[in-house]
Amino acid sequence: AQSVAQPEDQVNVAEGNPLTVKCTYSVSGNPYLFWYVQYPNRGLQFLLKYITGDNLVKGSYGFEAEFNKSQTSFHLKKPSALVSDSALYFCAVRENYGGSQGNLIFGKGTKLSVKP
Amino acid sequence: DGGITQSPKYLFRKEGQNVTLSCEQNLNHDAMYWYRQDPGQGLRLIYYSQIVNDFQKGDIAEGYSVSREKKESFPLTVTSAQKNPTAFYLCASSTGVRETQYFGPGTRLLVL
């Protein structure tokens, strides 16, 4: 079965420092991977996705993610964190096979806290 | 959140009552989805619909029902059979099941 794991419940970073939010996955076939961000009491906002091609994917708000096939990882990164980046971040993988093909499987989320 | 609206923002349910959550999109998307979000559990799929007049159960469909009579609308009913309905409910849509999903602002359901 396909799955995605976010090993850290919370990540704390000082403003201006680089940030990394980790995600690992388990899929059959080629992975289709997504990152979303959620601010309190709001819906999820799409940040970026990896389908194929360049392993470094650039997305919204200065975020990027690096796809690493050998480590089955898709970590979210930003060179310089802002206080306004504080939110809940979700990694997701798309089902590739079976009756639920196309549906997203979400990780449990990582809370990012950026301190001034 | 643009293009997908959910109402109400907050909803209170009494014991034994059915309640309906609204989801409307003006993005001309074919596929629509309902998720439930509980603290520390991420998002879990309740129901999804790939086209009008068709829908499929997700991972946690028990106690819920949906309809898809119009392309723009995908209402979710939380029935009295759902014994633990308190959660944040999120609707999403995409051009197709293989495409990026975009989310509405959510409805928080509370039990009185």
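In what follows, chains carry the letters A, B, and so on, assigned in the order in which the sequence lines appear, proteins first and then strands, with residues in each chain numbered from 1.
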Is it the case that atom NZ in Lys22(A) sees more than 12 heavy atoms from other parts of the structure closer than 6.0 Å?
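Open.
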Give a yes or no on whether Lys111(A) atom NZ has more than 12 heavy-atom contacts from other residues, nucleotides or ligands under 6.0 Å away.
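Counting other residues, nucleotides and ligands, NZ of Lys111(A) stays at 12 neighbours or fewer.
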What distance separates Leu47(A) CG from Thr100(B) OG1, expressed to the nearest 0.5 Å?
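It comes to 11.5 Å.
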To the nearest 0.5 Å, what is the distance between CG on Leu104(A) and OH on Tyr48(B)?
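It comes to 12.0 Å.
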Indicate if [X] and [Y] have the same hydrophobic cluster label, given that clusters are the connected sets of ILVMFWY residues with side-chain heavy-atom separations under 4.5 angstrom.
| X | Y | result |
| --- | --- | --- |
| Val57(A) | Leu19(A) | yes |
| Tyr89(A) | Val93(A) | yes |
| Ile51(A) | Ile105(A) | no |
| Leu88(A) | Phe103(B) | yes |
| Tyr35(B) | Tyr39(A) | no |

Top contributor to chain A contacts, counting heavy-atom pairs under 4.5 Å, from Pro39(B), Gly42(B), Gly96(B)
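Greatest number of close heavy-atom pairs with chain A: Gly42(B).
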Which bit of [X] is near chain A, if near means a heavy-atom gap under 4.5 Å: side chain, backbone, both or neither?
| X | value |
| --- | --- |
| Leu43(B) | both |
| Gln6(B) | neither |
| Gln56(B) | neither |

On a heavy-atom basis, which atom in Gln38(A) and which in Phe88(B) lie closest, and how many Å separate them?
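Smallest heavy-atom distance, with atoms named: NE2-CE2, 3.6 Å.
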Has Tyr36(A) got a side-chain atom pairing as donor or acceptor with Gln101(B)'s backbone, closer than 3.5 angstrom?
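Pair found, side chain donor or acceptor close to backbone of Gln101(B).
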Checking heavy atoms, do the side chain of Asp9(A), its backbone, both or neither come under 4.5 Å from chain B?
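Neither part.
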